[in-house]
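Positions are given from 1, in the same order as the sequence printed here.
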Amino acid sequence: MRERSIYIGIVVMLLVAFAIGGWRSRHANLGGSGDGVVNLTLLTTEDKASWVRAEVYRFNYENNKKYHVKTVYADARSGMQAILNGGQKPALWSPDNPMWIAQASNVWHGRRGTSLVDLQDPSSYRVFLRTPVVFLTTKDKASFLRAHLGGSNPWRSIADMGSGRLHAPWGGVHFAHADPLVSNAGMLTLGMMLNEYGRENNDSGDMVKTAGRPEFGAYLSGMERGFQYDPSCAAGSFALVEDYLKNPNGRDFITAYESTALGAAEKDPNLAVVYPNPTLEAQQSMCVLNAPWVTSAQREGAQAFMAYVRRDQALRDGLKYNMRPDTPGDELSLAPKLRAHAAQGFQVNYSAEDVPPYEALNLGAAQWRRHVRTASR
């Protein structure tokens, strides 16, 4: 009888926990109600959805009689296009890199003659979390790959593997990265290819011109011989990592954010990473839009949320999801966790270079579509 009572008690507690969790999830996105509550829409990306949901829930709870933030998810490129064509009308926008905000601002100003974002106002535009792009692989392959992918010319090595000039101990090399036409991580991967190509060919003075050259398209075709495109590539970086974890032997490596790779490595000690040198960073940014649909009350609320996610507590929450605070300190550092997984290749320090201009990346993505994605499907 006692065992039955204990069993019933456990079931009841689980049901209550599920109910509370479900309520929190629904509550985070229900519109605020009551006199004077200002509703705000935050357009953001799936890659940081867990962190965003936690901060939005707390902010809404603490400001339940004043502000209420609702989240909408879209990749950076789609989000930018939706804002520019009026398909989305958020007060706050948080893509995975400042280049999307800068490009949207340029296009908006060209069309309307007004400023979409005040890039000089820290209360309206900030970078708050960072994570570099890494190669995610397995420990048994990492020793070979680190020697070739950990330097300044990883993509030349990948091209040599695809052509047979460089032989891996296990045979042919197959890899993947997210589609740059739909994913910020994929666009940063393409940016690394473009930067390396410019350095190799002494052609980095005008990256826009470089990205449009037929020679760059031919370079992509040769370098991506081992690229395997499938629905996970089209779904974005997080989906690609999830697919890789289900079948690590299906590909020899993929590109991923360090934050996602570290989370996977914590669960699977057989995983390892290699840092390109230099790499590129996802710089999680947020801005308040100066769009005609944003009221003065919404602007004040949006700036309040911006200040909220700059709190030390919010940045500590970012550490839980393996992202590096933009302004690290002794108590705001991912270093202890990175050191704990040093045997899997994680590094406290790394070298990062500038992301190529958006116009160059856009041209490069068009070349990639013609020369790589079409051929690999």
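- Annotation: side chain of V355 is in contact with side chain of N97 (closest heavy-atom distance under 4.5 Å).
- The pair D317-R311 fails the salt-bridge criterion, with no side-chain N (NZ, NE, NH1 or NH2) lying under 4.0 Å from an Asp/Glu carboxylate O.
- Closest approach of G162 to R225, counting heavy atoms only: O-CD, 3.6 Å.
- The existence of a salt bridge linking D326 and R126 is excluded, since no basic side-chain nitrogen approaches an acidic carboxylate oxygen closer than 4.0 Å.
- With sequence neighbours excluded, no residue satisfies salt bridge (charged side-chain N to carboxylate O under 4.0 Å, His left out) with E196.
- Classification of the F59-F305 ring pair by plane angle, with boundaries at 30° and 60°, yields perpendicular.
- Across Y321 and A54, no two heavy atoms sit closer than the pair OH-CB, 4.5 Å.
- Taking both residues in full, the closest heavy atoms of S259 and T131 are given as N-OG1, 2.9 Å, listed atom of the first, atom of the second, then distance.
- Remark: the S163 side chain and the R165 side chain contain an N/O donor-acceptor pair separated by less than 3.5 Å.
- Looking only at side-chain heavy atoms (C-beta outward), P276 and L149 stay at 4.5 Å or farther from each other.
- The stretch residues 176-198 participates, sequence neighbours left out, in these ring-ring contact (aromatic ring centres under 6.0 Å, His included) pairs: H177-F227, H177-W368, Y197-F216, Y197-Y219.
- No salt bridge links D203 with K209; every basic N to acidic carboxylate O contact stays at or beyond 4.0 Å.
- For the residue pair V173 and A168, the shortest heavy atom distance occurs at CG2-CB, 3.7 Å.
- Taking the ring axis of W170 as reference, the NZ or CZ atom of K141 stays within 45° of it and closer than 6.0 Å to the ring centre.
- Between L220 and G364, the closest heavy-atom pair is CD1-O, 4.1 Å.
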message = Under the criterion ring pair (Phe, Tyr, Trp, His ring centres under 6.0 Å), I'd like the reasoning laid out for W93 against Y125: C-alpha separation, chi angles, the key distance, then a yes or no.
response = CA-CA 10 Å; W93 181 31; Y125 165 74; over 10 Å; no

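- Under 3.5 Å, the side chains of D47 and T45 contain no donor-acceptor pair of N or O atoms.
- For the residue pair C233 and V182, the shortest heavy atom distance occurs at O-CG2, 4.3 Å.
- Within the 4.5 Å cutoff, side-chain heavy atoms of L363 are placed close to those of V208.
- Evaluation of the side-chain hydrogen bond (donor to acceptor under 3.5 Å, both in side chains) test over residues 147-156, restricted to residues two or more places apart or in two chains, returns R156-E200.
- For E258 and R324, the salt-bridge test passes: some basic side-chain N is under 4.0 Å from an acidic carboxylate O.
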